[in-house]
2 protein chains.
Amino acid sequence: MQDALIRKLESFEELIDADREALRALVSRVRKVPARSDLIREGDVPSDVHLILSGYACRYKILPDGQRQIMAYFVPGDFCDLNVFILDQMDHNIGTISPCHAVEIPRQAIEEIMANHPRVTRALMWCALVDEAVLREWLVNLGSRPSDQRIAHLFCELYLRLEAVGHVNDNSYLFPFTQNEVADTMGLSDEHVNRTLRELRRLELITLKHRVLTIMDVEQLKAYCGFNPNYLHLRNARWSGRRQVPWLNSVQGE
Amino acid sequence: MQDALIRKLESFEELIDADREALRALVSRVRKVPARSDLIREGDVPSDVHLILSGYACRYKILPDGQRQIMAYFVPGDFCDLNVFILDQMDHNIGTISPCHAVEIPRQAIEEIMANHPRVTRALMWCALVDEAVLREWLVNLGSRPSDQRIAHLFCELYLRLEAVGHVNDNSYLFPFTQNEVADTMGLSDEHVNRTLRELRRLELITLKHRVLTIMDVEQLKAYCGFNPNYLHLRNARWSGRRQVPWLNSVQGE
DNA sequence: CGGAAGATTGATCATGATCAATGACAGTGG
DNA sequence: CCACTGTCATTGATCATGATCAATCTTCCG
């Protein structure tokens, strides 16, 4: 269970046994957290870092009108707030989606590991930067893609992220999000998410039942939404898709 | 001109003269960059960090279909890629909006300052975290706000960020973005941006001509879009607006 | 003055939101 | 074991925000 993190870090950086030991030592106070509860809330003063060992969580905000926006998904091996704890107070919430095993790692433990394990430090910084790159890609998703590609893109991303920690089997992974949660992630209405999922099923791109998502043909789904994995900065996967000449004034046409 | 950075950092952390000296020393190789040109491109291997001294720049991606999504604005005193340079290759572009003075700071110079100036280091980390918080808020903006509030929110944010570096006078600041650029930022069409701006003008919330934006009444504009400045983590401004009880299933009503 | 980029306006279209039921299903208590 | 309840998914009908298409109009600049 606790190897998700190590596995992820190793997809960024070679580690030695001592590194792995140190990482395993971080995982002491494991907390079992029920589904749909907050790990930390807006306004709280952060002290510890949260690491997800099992289950899914998310980062979200609630607007004054009650509207929720989910800004990140966390899967096993993910830190929820590796650096945020430097700030004065949380400007958002972190809550579980499914029941989770989570660890609260004191800031000091992180600093210690950073002082003594340069490879781990590099890998952790890499993680933080990838998280930010993911956030940027989500912005692109909301700003530039129609609803079907938007959702397909999310599925592709989760596929690669979960694969990196060994949580994909037979092109399938656990997808415990309700349609309402997907809607609040993608800036869509519940009903529209429902219809869009139906459409993706009809096109035989995916299957989704009993909280298990199966991607019938990964390459096809990637092509469907123009998925470019470069933002995940995995050591393996590089892109093979079309490339566009950059510069201003959105060149029309395909 | 080069004091924007120092001024910004001081809004996060007290600095001493030696800190200020060290920061000023960073600004050697100043480059004059024309409007609408790239500082760095997707695929490039990053080495230096870019700091904007004057002018405006942005972070953007071009999708395979030519669609551009702008993901961040940079104003004087902003680093474009304080940490990104750790990554293997750029997954996005950084380009100027108006003519800019920019500095390319070698990674080593940053590392040196971090080794010797703890207050500056803290302030820089703070900057990086605020940049990320801004990115999150932009996601909320695209995901959850209608077009008029979305644009109003952008105006409020820029107002506070520019004020922090002394670039606001008489409730006005330079706004050199074309409507096309605003559109590609907000995930809207050019025409709709145009109509939305007209509406904001009609409501006498703003004035925008000759590339100068004037906010008639800042508090009113904030109220209009439900602006909560907490995500900017400025030492002064704290929020006075309504607060919502967190937890799932978007509580309806006002 | 001429040309190009950007802004503006109008007409029409369509994606996705909203409103309103209904269905499926899991968990709970009798 | 089964009715009861609440949550989540599904479907249909209608609405509206914002996109698209097509002209101008303005402004800026060489």
Side-chain angles (χ1 to χ4, degrees), chain A residues 34-37 63 65-69 97-99 141-152 175-202 206-213 225 247-254, chain B residues 34-37 63 65-70 97-99 141-152 175-202 206-213 225 247-253:
Chain A
R36 267 128 256 242
S37 53
L63 297 195
D65 66 353
Q67 180 68 237
R68 173 180 58 172
Q69 178 66 45
I97 294 290
S98 62
N141 222 9
L142 292 202
S144 305
R145 281 190 262 260
S147 62
D148 52 349
Q149 293 180 35
R150 209 183 284 186
I151 293 180
F175 190 84
F177 303 90
T178 65
Q179 294 183 355
N180 175 285
E181 285 156 352
V182 175
D184 285 352
T185 306
M186 303 309 243
L188 299 168
S189 69
D190 299 8
E191 297 89 335
H192 197 66
V193 167
N194 184 288
R195 284 184 249 264
T196 305
L197 289 175
R198 183 215 288 163
E199 177 66 9
L200 292 177
R201 265 188 293 244
R202 193 187 63 76
I206 62 156
T207 274
L208 174 53
K209 55 179 177 237
H210 309 308
R211 320 262 106 149
V212 172
L213 181 84
C225 61
W247 204 228
L248 289 169
N249 297 327
S250 339
V251 185
Q252 267 330 320
E254 102 119 0
Chain B
R36 268 131 255 244
S37 53
L63 297 196
D65 67 351
Q67 181 68 236
R68 173 180 57 173
Q69 178 67 45
I70 295 178
I97 294 291
S98 62
N141 220 10
L142 292 202
S144 303
R145 281 189 262 261
S147 61
D148 51 349
Q149 292 179 36
R150 209 183 284 185
I151 293 180
F175 191 83
F177 302 90
T178 64
Q179 293 184 356
N180 175 283
E181 285 157 351
V182 175
D184 285 353
T185 306
M186 303 310 244
L188 299 169
S189 69
D190 300 7
E191 297 88 336
H192 197 66
V193 167
N194 184 290
R195 284 184 248 264
T196 305
L197 289 175
R198 184 216 286 164
E199 177 67 6
L200 293 178
R201 265 188 291 243
R202 193 187 63 74
I206 62 156
T207 275
L208 175 53
K209 55 178 174 236
H210 308 309
R211 320 260 104 147
V212 172
L213 181 85
C225 61
W247 205 230
L248 288 168
N249 297 328
S250 339
V251 185
Q252 267 330 322

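These numbers come from the heavy atoms of this one structure, side chains and all, not from hydrogens, waters or symmetry mates. Chain letters run A, B, ... following the sequence lines, proteins first and then strands; every chain starts at 1.
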Could you tell me how far apart [X] ([atom1]) and [N] ([atom2]) are, to the nearest whole angstrom?
X       : N       : atom1 : atom2 : value
F175(B) : dG6(C)  : CZ    : P     : 14 Å
E191(A) : dG12(D) : CD    : P     : 14 Å
D184(A) : dC8(D)  : CG    : P     : 12 Å
L142(B) : dG18(D) : CG    : C1'   : 14 Å
H192(A) : dT17(D) : NE2   : C1'   : 13 Å
D190(A) : dT22(C) : CG    : P     : 19 Å
N180(B) : dT27(D) : CG    : P     : 20 Å
R198(A) : dG16(C) : CZ    : P     : 15 Å

Among the nucleotides dA19(D), dA9(D), dA17(C), whichever has the atom closest to the side chain of L188(A) is dA17(C)

Candidate nucleotides dG18(D), dG16(C), dT10(D), ranked by approach to the side chain of Q179(A) - the nearest
dT10(D)

Is any N or O donor-acceptor pair between the side chain of R195(B) and the base of dG10(C) shorter than 3.5 Å?
yes

For Q179(A), run the side chain to side chain donor-acceptor pair (under 3.5 Å) check against D184(A), N194(A), D190(A) and tell me which one passes.
N194(A)

N/O (side chain, [X]) to phosphate O (OP1/OP2, [N]) under 4.0 Å:
X       : N       : result
R211(A) : dA9(D)  : yes
R150(A) : dT15(C) : no
N194(B) : dT8(C)  : yes
T178(B) : dG6(C)  : no
H210(B) : dC28(D) : yes
R201(B) : dA7(C)  : no

Base, sugar-phosphate, or nothing for S189(A), non-hydrogen atoms under 4.0 angstrom?
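If one applies the 4.0 Å heavy-atom cut-off, S189(A) turns out to touch a base.
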
Just wondering, do V182(A) and F175(A) contact through their side chains at under 4.5 Å, heavy atoms?
yes

Looking at R201(B) and I206(B), would you say the former's side chain and the latter's main chain have a donor-acceptor pair under 3.5 Å?
no

Heavy-atom donor-acceptor pair, N141(A) side chain to R150(A) backbone, under 3.5 Å
yes

To the nearest 0.5 Å, what is the distance between CD on E181(A) and CZ on R36(A)?
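With rounding to 0.5 Å, CD (E181(A)) is 4.0 Å from CZ (R36(A)).
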
